[in-house]
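Since the structure comes first, as structure tokens, the remarks are kept for the end.
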Amino acid sequence: MIEIKDLHKSYKTGSNSLHVLKGINFNVAEGELVSIMGSSGSGKSTLLNILGMLDEADSGTYTLDNVPIKNLNEKIAARYRNKFLGFIFQSFNLINYKTALDNVALPLYYQGMKRKERLERAMAYLDKVGLTAWAQHHPNELSGGQKQRVAIARALASDPKVLLADEPTGALDTKTSYEVMDLIQKINEEGRTILIVTHEHDIAEMTKRIVNLKDGVIIDDKKVDQVKAMQYV
Ligand code: ADP
Ligand code: MG
């Protein structure tokens, strides 16, 4: 699903250059649930942003579902992003003046789906994350865990091949974090490929594979022998 070869990325600020990704090689097969672990500043978000086509590497290759991702114009990049990728962020990134239902339906609006159909579809995804009763509420009436569930429903609404989550539990308390990870595990069990960036061990242990990033290099990439379930973490 994802193939990355010898990826490098530097940030230039003035006359300085910061080499953040120093030759990343890794592949993700369809249906995997992978965490990218590393301390703050190790390059996790930089890598995820490249995978999410929000940024480009300086060198190396990236292939997503057999499509080489390089030098795409913004229109084509946006189309691939919509078709292939769903995003989940630490800060939820919901629109405050829209209801939960309308937040989930928004990506479908951009796809040109008719109103009735997109609201039905959005409702089905809200149901999937257990928030049917909250459809008409606004984000400021929801708890952090509920907001992240809405964000997950929104990410799923366009039926992407891959879900990319940058510290999805970073703003949540421990119990709520495990509940959100439990939901992510269930979505993965339906066959969806999911990549999660985290700096928390207990969260990484709820995925099936942990890729350890340190100073822009993968220092370890291992299968999790016993994937933790919510009641055991
Ligand atoms: P992580 O997500 O693991 O905390 P990041 O990928 O966000 O790490 O950042 C890696 C390094 O790159 C950090 O030192 C950060 O300060 C720097 N960095 C990130 N984004 C930019 C940017 N847009 N411009 C300059 N430096 C950046
Ligand atoms: Mg980060």
Side-chain angles (χ1 to χ4, degrees), residues 2-28 32-64 69-72 74 77-78 81 84-94 144-145 147-148 151-152 154-155 160 162-174 176-178 180-181 183-184 188 193-222 224:
I2 287 172
E3 287 173 43
I4 278 204
K5 285 204 189 76
D6 204 24
L7 209 73
H8 285 260
K9 173 78 180 176
S10 298
Y11 290 115
K12 280 141 205 91
T13 43
S15 57
N16 296 322
S17 178
L18 182 66
H19 198 180
V20 175
L21 298 180
K22 303 168 181 165
I24 302 285
N25 291 288
F26 103 119
N27 295 338
V28 177
E32 281 202 80
L33 174 57
V34 187
S35 53
I36 299 170
M37 270 273 292
S39 52
S40 174
S42 56
K44 305 183 298 294
S45 293
T46 301
L47 177 58
L48 203 76
N49 289 344
I50 293 170
L51 292 172
M53 303 172 64
L54 302 168
D55 199 358
E56 273 207 350
D58 299 328
S59 63
T61 58
Y62 170 29
T63 312
L64 174 61
I69 305 298
K70 194 163 177 64
N71 299 328
L72 302 177
E74 191 41 48
R81 225 180 278 127
F84 290 133
L85 304 167
F87 294 91
I88 303 163
F89 303 95
Q90 174 172 354
S91 50
F92 322 124
N93 293 14
L94 299 177
K147 281 185 217 176
Q148 196 59 300
I152 290 170
R154 177 185 57 186
V162 181
L163 275 189
L164 299 173
D166 196 347
E167 309 264 8
T169 62
L172 305 175
D173 62 63
T174 307
T176 310
S177 295
Y178 295 158
V180 163
M181 284 307 294
L183 176 61
I184 286 176
N188 170 252
T193 312
I194 307 180
L195 255 87
I196 295 173
V197 157
T198 182
H199 63 270
E200 294 169 297
H201 278 282
D202 51 346
I203 296 301
E205 281 166 2
M206 293 183 78
T207 69
K208 295 175 180 166
R209 172 181 164 200
I210 303 178
V211 175
N212 240 300
L213 200 62
K214 189 178 182 193
D215 299 330
V217 180
I218 292 176
I219 54 165
D220 193 28
D221 183 343
K222 64 168 192 289
V224 178

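Atoms within each ligand, like the ligands themselves, are counted from 1 in listed order. Quick note: numbers below take in every heavy atom, side chains included, and nothing from hydrogens, waters or symmetry partners.
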message: Closer than 2.8 Å to the Mg ion (ligand 2): how many protein N, O or S atoms are there?
response: 1
task: Could you tell me the separation between the CD1 atom of Ile4 and the CD1 atom of Ile218, rounded to the nearest 0.5 Å?
output: 8.0 Å
statement: Of Ile194, Leu51, Thr193, the one forming a side chain to side chain contact (heavy atoms under 4.5 Å, CB included) with Val162 is Thr193
message: Checking side chain to side chain contact (heavy atoms under 4.5 Å, CB included) between Ser177 and each of Thr198, Leu172, Asp202, which is the one that passes?
response: Leu172
message: With heavy-atom distances below 4.5 Å as the criterion, would you say the side chains of Leu85 and Leu64 are in contact?
response: yes
Backbone of Asp6 reached by a side-chain donor or acceptor of Asn25 within 3.5 Å: yes
query: Counting only N and O atoms by type, is there a donor-acceptor contact under 3.5 Å from the side chain of Ser35 to the main-chain atoms of Met37?
result: no
message: Listing request: all side-chain hydrogen bond (donor to acceptor under 3.5 Å, both in side chains) pairs with a residue in residues 42-51, at least two apart in sequence or in separate chains.
response: Tyr11-Thr46, Ser45-Asp166
- request: Hey, could you give me each pair passing side-chain hydrogen bond (donor to acceptor under 3.5 Å, both in side chains) that has a residue in residues 55-64? Not counting sequence neighbours.
  value: Lys9-Asp55
In a simple table, one pair per line, please give the protein and ligand 1 atom names for every N or O pair closer than 3.5 Å, along with the distance.
| unit_1 | atom_1 | unit_2 | atom_2 | d |
| --- | --- | --- | --- | --- |
| ligand 1 | 2 (O) | Ser45 | N | 2.9 |
| ligand 1 | 2 (O) | Ser45 | OG | 2.9 |
| ligand 1 | 3 (O) | Ser42 | N | 3.2 |
| ligand 1 | 3 (O) | Ser42 | OG | 3.4 |
| ligand 1 | 3 (O) | Gly43 | N | 3.1 |
| ligand 1 | 3 (O) | Lys44 | N | 2.9 |
| ligand 1 | 3 (O) | Lys44 | NZ | 2.9 |
| ligand 1 | 4 (O) | Gly41 | N | 2.7 |
| ligand 1 | 6 (O) | Thr46 | N | 2.9 |
| ligand 1 | 6 (O) | Thr46 | OG1 | 2.5 |
| ligand 1 | 8 (O) | Gly43 | N | 3.3 |

task: Mind running side-chain hydrogen bond (donor to acceptor under 3.5 Å, both in side chains) on Thr176 and Asp173 for me, showing each step along the way?
output: CA-CA 5 Å; Thr176 310; Asp173 62 63; 2.9 Å; yes
